[in-house]
Number of protein chains: 2
Amino acid sequence: MNDTKTKILDAAEELVQQVGPNAMSYQQISAAVGVRKASIHHHFPKKENLVEVLLSRCHVVYGDRYKAIVDGTGTAPDKLRKLADVFAEGLRNEQLCLVGTISADLNTLQQSSRMILKTTIQETVGIFAVVFNQGLQEGSLAVAKCTEENAYAFFSFLLGAQISARACGGVQSFRSATEVIISSWENSRC
Amino acid sequence: MNDTKTKILDAAEELVQQVGPNAMSYQQISAAVGVRKASIHHHFPKKENLVEVLLSRCHVVYGDRYKAIVDGTGTAPDKLRKLADVFAEGLRNEQLCLVGTISADLNTLQQSSRMILKTTIQETVGIFAVVFNQGLQEGSLAVAKCTEENAYAFFSFLLGAQISARACGGVQSFRSATEVIISSWENSRC
DNA sequence: GACAGCCATCCTACTGGTAGGTAGGTTGGC
DNA sequence: GCCAACCTACCTACCAGTAGGATGGCTGTC
């Protein structure tokens, strides 16, 4: 992968996380990277291309991060907290998860981008579900048997908590809300 | 309140719920309402004015709806389900809660708009918290004593679930995720 | 090794379209 | 007579995207 191409993607990713895909412009990327706007069009002819590549990259990078947590050591509740930490991290720079910002602008997206987004969410939920399976097996989580639904609910919560925390309450509120959700699943309290 | 002014607000609200405040334009409102763009500027000189009035109206209207549910009859879990129904309703037309879409575009907002948004979230969470208090008193909810944190977590979840459901899964996924969260708080399962 | 051709990269300069916003005029009810 | 409501016509700024030229490294050929 070309160096400039990567720089463009990095700058675009940061912008999208800050202001969303619609408010992000090639002009801003141009200023951030230090190449002309036309050069960005050379690498990503249409903005939709850029957003799609961004989504795909995010799909791989964060998929691996989540998998590393899921396949690592620790109890299921520990792993849920580690997954939440990934979202708390971005929040420190007032940035949202790529999937979150792009989903918020869903109705302005191309059909192809929506499909990639959908797949990304489905696979992320699939990875998260492994933790709930572990929680059921080791008895650390008191959740319903359909672990996919729990994983989907947890992922949805993380998206929303990031958005509301940025608008009101910050990282502290995000953490306490996360603790509320995870502890309600923990078996110890029963 | 003037008739045209209300029509403008209604059209703007629908557009914001569909595509967010940034992608919503005076041109689109003009087409929807049937008045010229300049006339919209007559009622709302700057776009930020419009967004702020929209937020304030949403604050009042939905505040009343939430209060009606909270002050009504039923157990705490019932009321949480009714609150979730309000969010499920908008989702049927691929529309998000105003607070959700506007929060997603937070970094492109004026400081004054952010303050209104923050207040709206805080007061909404305050209303939601009453349900958790009820749940503690009647013993129907097994939650930590800080009901504000639970209410904040629940509100955050609803925002996120609406966004992810629109992108992936639809109303059905929204409902099952909501059930996962509420039932994890219900005391009956312990 | 020298040279010719090629293509990716990046540039300047531009287009058409749309955004938010303004100036100033007309109308009609109080 | 006045003012709110609404209009036409316009402005500047910015957007995504394009045309076409310069550069420079890589490759095949002699």
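Just so we're clear, the structure is a prediction, and the values are computed from it rather than from any experiment.
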> Tell me whether the side-chain N/O atoms of B:His43 come closer than 4.0 Å to OP1 or OP2 in D:dA4.
no
> Between D:dC6 and B:Thr4, is there an OP1 or OP2 to side-chain N/O distance shorter than 4.0 Å?
yes
> Would you call B:Arg65-B:Glu89 a salt bridge at under 4.0 Å N-O?
yes
> Would you tell me whether A:Gln27 and A:Lys37 have side-chain atoms, one donor and one acceptor, within less than 3.5 Å of each other?
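Side chains of A:Gln27 and A:Lys37: no pair found under 3.5 Å.
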> Would you kindly give the CD-to-P distance between A:Gln27 and D:dA16, to the nearest whole Å?
9 Å
> Return the value, rounded to whole Å, for the distance between atom CD1 of A:Ile29 and atom P of D:dG17.
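After rounding, the reported distance stands at 11 Å.
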> Could you give the CG-to-P distance, from A:Asp3 to C:dA8, as a whole number of Å?
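Taking CG of A:Asp3 and P of C:dA8, I get 18 Å after rounding.
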> NZ of A:Lys5 versus P of C:dA8: gap in Å, rounded?
11 Å
> Roughly, in whole Å, what's the span from CZ in A:Arg36 to C1' in D:dG21?
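To the nearest whole Å, that distance equals 16 Å.
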> Output the rounded distance in Å from NZ (B:Lys47) to P (C:dA19).
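One finds 9 Å between P of C:dA19 and NZ of B:Lys47, rounded.
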> Find which nucleotide of DNA chain D each of A:Gln28 and A:Ala38 is nearest to by heavy atoms, and output the residue with the more 5' nucleotide.
A:Gln28
> Within the structure, does a side-chain N or O atom of A:His42 lie under 4.0 Å from either OP1 or OP2 of D:dT18?
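Looking at the OP1 and OP2 atoms of D:dT18, neither is under 4.0 Å from any side-chain N or O of A:His42.
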> Think A:Ser39 has a side-chain N or O under 4.0 angstrom from the OP1 or OP2 of C:dT9?
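For C:dT9, OP1/OP2 do not have a side-chain N/O of A:Ser39 under 4.0 Å.
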> Is the base of D:dA16 touched by the side chain of A:Lys37 through a donor-acceptor pair closer than 3.5 angstrom?
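Flag set: donor-acceptor pair detected.
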> With a 6.0 Å cut-off on ring centres, are B:Tyr66 and B:Phe128 close enough?
yes
> If only side-chain N and O atoms of A:Lys46 are considered, is one of them under 4.0 Å from the OP1 or OP2 phosphate oxygen of D:dT18?
yes
> I'd like to know if B:Arg81 and B:Asp85 make a salt bridge, using a cut-off of under 4.0 Å between side-chain N and carboxylate O.
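The answer is no: the pair does not qualify as a salt bridge.
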> Specify the separation, in whole Å, of atom CE of A:Met24 and atom P of C:dA19.
19 Å
> Would you mind reading off the distance between A:His41 atom NE2 and D:dG21 atom P, rounded to a whole angstrom?
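Distance check: A:His41 NE2 to D:dG21 P gives 20 Å.
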> For A:Gln17, is there any backbone N or O sitting under 3.5 Å from a side-chain donor or acceptor partner on A:Gln95?
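No; judged by distance alone, with no hydrogens or angles, the pair does not exist.
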